[in-house]
There are 2 protein chains.
Amino acid sequence: MSPSTVSRALNDHPRISVETKRRVKEAAKELGYFAFGSARTLKTKRSMTVGVIVSDIRNPFFLDFLDGVERTLFPRRYKMLLATSNEDVEKEATYIKWLLEHDVDGIIVSPTCDKDGKTNINLLRKIKKTGIPVVLYDRVFEGFENEFDSVTIDNAGAILSAMKYLYTLGHKRIGIILASSNLYTIKKRYQGYLEACELFRLDCRNEDTLVLKSPLSEEMDAEIEDFIRKASFTALITTNHTITKKVYKSVKKLGMKIPNDLSVIGFDDVEENLFFDPPVTVIRQPVFQIGKTTAMLLLGRLDGEDLKPHRVVLNAELVKRKSAVPIE
Amino acid sequence: MSPSTVSRALNDHPRISVETKRRVKEAAKELGYFAFGSARTLKTKRSMTVGVIVSDIRNPFFLDFLDGVERTLFPRRYKMLLATSNEDVEKEATYIKWLLEHDVDGIIVSPTCDKDGKTNINLLRKIKKTGIPVVLYDRVFEGFENEFDSVTIDNAGAILSAMKYLYTLGHKRIGIILASSNLYTIKKRYQGYLEACELFRLDCRNEDTLVLKSPLSEEMDAEIEDFIRKASFTALITTNHTITKKVYKSVKKLGMKIPNDLSVIGFDDVEENLFFDPPVTVIRQPVFQIGKTTAMLLLGRLDGEDLKPHRVVLNAELVKRKSAVPIE
DNA sequence: ATGAAAGCGCTAACAG
DNA sequence: CTGTTAGCGCTTTCAT
C-alpha cells in the first residue's frame with residue numbers, strides 16, 4: 001500500500017474506500033503509529049498551534065483567560081504554545097521569535113512596555129506583514145489602537161463608574177494606586193480617574209497624597225503603607241488584584257479598619273474577594289470572555305477573514321460588597 | 001553562498017569563519033529571516049518543546065507550578081505546549097496524542113483518573129517505550145509508583161501533621177472533606193487521616209458524619225453545607241483550596257463562626273489565605289518547587305540520563321494562622 | 001572553511 | 001479509488 005493511500009486514510013480524505021480506510025486505521029492503532037507533525041507542517045504550512053504570550057504567569061487573571069482561550073481553541077484542534085514575558089520587553093521579543101521559529105499559525109499577546117516606553121510593536125508589525133495574524137488583548141499600543149486586532153475593556157469607564165459610586169457615597173477625597181503606570185491599561189485607568197475628578201469637581205491637584213505611581217516591586221509594600229499612613233483620602237481605588245492584597249495587608253498592619261477608616265474599591269475579581277475581611281467591592285473584568293473573544297478573533301483570521309482590524313472593547317462591572325461605605 | 005554555510009552561520013557551528021558568520025547574521029536580520037522550525041525538527045528529531053498537561057487550568061495551583069516549569073525550561077530554550085485535561089481521561093488522551101503529533105521532546109503530566117479508575121497509564125507507557133520521556137507530578141499511578149519519574153508530596157504525612165496539631169489543640173472529633181476521592185492525592189490524604197485516627201485513638205467509625213467524599217460539582221455546595229450543619233466534629237480539614245473556600249462560604253451562610261464554632265485547616269496556600277476572615281491555617285505544598293523539580297527531571301532525561309525512574313517526594317508544611325484554635 | 005547533495009516524513013498534484 | 005513522484009526547508013555527511 002502506498003504512502004499516499006495511508007495518508008488519505010488517516011486524514012479522512014474523501015477519495016478513499018471505506019474498507020481501505022478501516023484497515024489502515026486499524027493497522028495504525030496496532031502499530032502505535034503517530035504522524036510526525038513537523039513533516040506535515042513543513043508540507044502544509046500550518047502547524048495548528050498558536051502562540052499565547054501572557055505578561056505575568058503568576059497573575060490569577062490568566063487562569064480564567066487561558067481557560068477562555070483553551071475552550072475556544074480546543075474544538076478547532078489548535079494547541080497553545082505558552083509563553084510569559086514577565087513584563088520584560090526583551091523576554092517578550094525572545095519568545096515572539098521562538099514562537100515564529102516554531103511555525104505558529106498565529107499569536108495572542110498582551111504586549112508589555114518598559115519604563116522608557118519601549119515595546120515590540122515593530123516586531124509584531126513585521127510578523128503581521130508576513131501574514132501571521134496577531135491579536136492583542138488587555139493592552140494595545142498607544143497611538144496605534146487600530147493597527148492590530150484587539151480585545152480590551154473600557155478601563156477609563158470602569159474607574160469612572162467606581163469614582164461615581166464613591167462620590168455618591170459622599171467621598172470627596174479619593175486616592176488611587178497605579179502600579180506600572182507606563183502600561184496602557186494603567187494609563188487609561190488614571191485617565192478615568194482624572195476625568196471623574198473633573199466631572200465631580202474633586203480636588204486632585206495635590207497629586208502626591210492622592211496618587212501613588214510606584215511600580216510593582218519589593219519596596220512597594222513599604223510605599224503603600226506610607227501612602228496610607230499619610231492618607232489625605234477617605235476612599236482608595238486599586239488597579240489590580242495584587243495591589244488590593246497589599247492594601248489590605250497595609251491597612252491591617254497600621255491597625256486601621258476597612259471600611260470604617262478607609263473605603264476601598266479593588267480591581268479584578270477573584271472568588272477569594274468574597275472571603276476577605278471585609279469582602280471586597282471591586283471592578284470586575286470579564287476575563288473568561290476576554291480569552292474567548294481573543295481566541296475567536298484569531299480563529300477568524302486563521303479562517304481567512306481579512307478585513308480591517310477588529311477592535312473589541314468589553315465592559316467591566318462594579319461588584320458592590322462591603323469594603324466601600326458612605327462617609328460619616 | 002550555499003545553504004549549508006548559512007545554516008552553519010546561524011547555528012554557530014564551529015567550522016565557519018567569523019567574518020562569514022557576521023555577514024550571514026546581518027543579512028538574516030535585515031531580511032527578517034526566521035528559520036522554519038518544522039524543517040529543522042524533521043531533520044534533527046528534536047522540537048525543543050515539551051508538553052505540559054495540567055488537570056484543571058482554573059486551579060491557582062498551576063500559577064506557581066507553571067512559573068516553576070517555565071523558569072527552568074526557558075534558559076534551556078525549551079518551550080511549553082500547554083494542555084488541560086479538566087480531569088477528563090478522554091480529553092487527556094486526546095491531548096497526549098496531539099502533543100505526540102507535535103513531536104514534543106517530553107511530556108509533563110498530572111494524570112487524571114475517572115470514577116471507574118480508568119487512566120491513561122497504557123498510553124503513557126507506550127510513549128515512554130518509544131523513548132519520549134514522561135514525568136508525572138502531583139499524582140502517580142497507584143500500584144505503579146515506581147514505573148515513571150515523578151514529583152509528589154507526602155500527602156499522608158501532611159494530613160497526619162495537621163491531625164496531630166488539632167489533637168494537640170484538644171480536638172477529638174475531626175472531620176475531613178475529600179473531593180474526587182478517586183484521585184491518588186486524595187486517597188493518600190484519606191490514608192493519612194485514618195492513620196492519625198488510629199495513632200491518636202480518635203473515633204472515626206461513624207464515617208458519614210466525619211468524612212465527606214462527594215466529588216467536586218455544583219451540588220457540592222449544598223452537600224458541604226449539610227455536612228457542616230449536622231457536624232459531629234469540632235475541627236475540619238479540607239483537601240484543596242476550592243473546598244476551603246466552600247467551607248468558609250457555608251460556615252458564613254449557616255451563621256457560624258470560624259474558629260469559635262469550628263476549627264478549620266485548609267489545603268494549598270495562596271496569598272489570599274492571609275486575608276480571609278479569619279486567616280486560614282493551611283497545609284502548604286511547595287508548588288513552585290514541584291514545578292522546578294518536575295522540569296529538571298525532564299531535562300535530565302532529555303540530556304540522556306537513563307537510569308531507573310526517579311521518584312521525588314517533597315514535604316508539605318503546616319502554616320499556622322487563625323482558623324484553628326484549642327477547644328474550650 | 002565552504003559547497004554539493006541527500007534525505008528527514010509527510011502531502012498533493014498528477015496519472016492511471 | 002490508488003499509486004507514483006516531487007518537494008516542503010532544513011541539517012549533515014562527504015568532498016573539496
Side-chain angles (χ1 to χ4, degrees), chain A residues 1-49 51 77-79 81 97-105 126-127 130-132 302 304, chain B residues 1-49 51 77-79 81 97-105 126-127 130-132 302 304:
Chain A
M1 198 172 286
S2 81
S4 40
T5 305
V6 176
S7 171
R8 280 188 280 252
L10 261 20
N11 293 308
D12 293 311
H13 193 279
R15 280 220 295 258
I16 188 110
S17 79
V18 186
E19 172 57 11
T20 317
K21 188 148 90 179
R22 197 195 52 72
R23 277 174 51 215
V24 170
K25 289 201 172 180
E26 195 174 84
K29 178 165 267 179
E30 200 158 322
L31 297 169
Y33 168 84
F34 281 101
F36 213 79
S38 46
R40 173 182 296 158
T41 301
L42 180 58
K43 183 71 186 172
T44 62
K45 303 291 159 209
R46 315 186 78 230
S47 67
M48 297 305 287
T49 59
R77 323 195 83 194
Y78 278 94
K79 297 102 206 172
L81 263 162
K97 290 173 195 161
W98 284 4
L99 292 175
L100 250 48
E101 300 225 326
H102 277 276
D103 318 329
V104 291
D105 295 332
K126 216 158 61 184
I127 290 165
T130 70
I132 296 173
L302 259 16
Chain B
M1 198 172 287
S2 80
S4 38
T5 306
V6 174
S7 171
R8 279 189 278 252
L10 260 20
N11 293 307
D12 294 312
H13 192 279
R15 278 220 296 260
I16 189 110
S17 80
V18 187
E19 173 56 11
T20 317
K21 187 148 87 180
R22 195 193 53 70
R23 276 173 53 213
V24 171
K25 289 201 170 179
E26 198 175 83
K29 178 163 269 178
E30 202 158 323
L31 297 169
Y33 167 84
F34 281 101
F36 212 79
S38 47
R40 174 182 295 158
T41 301
L42 180 58
K43 183 70 186 171
T44 63
K45 303 292 158 208
R46 315 187 78 231
S47 68
M48 297 305 288
T49 59
R77 325 196 75 182
Y78 278 94
K79 296 101 206 171
L81 263 162
K97 290 172 195 158
W98 284 4
L99 292 175
L100 250 48
E101 300 225 326
H102 277 276
D103 317 329
V104 292
D105 295 332
K126 214 159 61 184
I127 289 164
T130 70
I132 295 174
L302 260 15

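What's counted below: heavy atoms across the whole structure, side chains too, no hydrogens, waters or symmetry copies. The chains referred to below are lettered A, B, ... by the order of the sequence lines, with proteins before strands, and numbering in each begins at 1.
Taking only side-chain nitrogens and oxygens, Tyr33(A) comes nearer than 4.0 Å to OP1 or OP2 of dC10(C). Note on Ser7(B): a side-chain N or O is less than 4.0 Å away from OP1 or OP2 of dT11(D). In this model, the phosphate group of dT2(C) is not approached by any side-chain N or O of Thr5(B) to a distance below 4.0 Å at OP1 or OP2. An OP1 or OP2 oxygen of dG9(D) is reached within less than 4.0 angstrom by a side-chain nitrogen or oxygen of Lys45(A). OP1 or OP2 of dT2(C) has at least one side-chain nitrogen or oxygen of Ser17(B) nearer than 4.0 Å.
Computed from coordinates, the Glu101(A) CD to dG9(D) C1' distance equals 12 Å when rounded to whole Å. Between the CZ atom of Arg46(A) and the P atom of dG9(D) there is a distance of 16 Å, rounded to whole Å. Counting to the nearest Å, the C1' atom of dT12(D) and the CZ atom of Arg40(B) are 13 Å from each other. Atom pair Phe36(A):CZ and dC10(D):P shows a separation of 17 Å (rounding to whole Å applied). Between the CG atom of Leu100(A) and the C1' atom of dC10(D) there is a distance of 16 Å, given to the nearest Å. Atoms CG (Asp103(A)) and C1' (dC10(D)) sit 11 Å apart, rounded to a whole Å. Atom CG of Leu10(A) and atom P of dT11(C) are 8 Å apart (whole Å). Atom CG of Asp12(A) and atom C1' of dA12(C) are 17 Å apart (whole Å).
Comparing atom distances between the Arg8(B) side chain and each of dT11(D), dT11(C), dT13(D) picks out dT13(D) as nearest. The side chain of Met1(A) has dG3(D) as its nearest neighbour among dA6(C), dG3(D), dT11(C). The side chain of Lys43(A) lies closest to dG9(C) when the candidates are dT11(D), dG9(C), dG9(D).
Nearest heavy-atom pair across Asp105(A) and Arg46(A) is OD1-CA, 3.5 Å. Taking every heavy atom of both residues into account, Thr5(A) and Ile16(A) meet most closely at O-CD1, 3.6 Å.
Ser38(A) comes within contact range of no nucleotide atom at all, as no heavy-atom separation falls under 4.0 Å. Residue contacts for Thr20(A): at a heavy-atom cut-off of 4.0 Å it reaches the sugar-phosphate backbone alone, with no base atom in range. Among the heavy atoms of the strands lying under 4.0 Å from Arg15(A) is at least one base atom, whether or not backbone atoms are also near.
At least one donor-acceptor pair under 3.5 Å links the side chain of Lys79(A) to the backbone N or O of Arg77(A).
Salt bridge present: Glu19(A) and Arg22(A) bring a charged side-chain N and a carboxylate O closer than 4.0 Å.
Between Lys25(A) and Lys21(A) there is a side-chain heavy-atom pair separated by less than 4.5 Å.
Judged by distance alone, with hydrogens and angles left aside, Ser4(B) brings a side-chain donor or acceptor within reach of the base of dA4(C), the pair sitting under 3.5 Å.
Heavy-atom nearest nucleotides on DNA chain C were determined for His13(B) and for Leu42(B), and the one closer to the 5' end corresponds to His13(B).
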Go through the steps for Ser38(A) and Asp103(B) under the test side chain to side chain donor-acceptor pair (under 3.5 Å), then give the verdict.
-> CA-CA 7 Å; Ser38(A) 46; Asp103(B) 317 329; 2.8 Å; yes

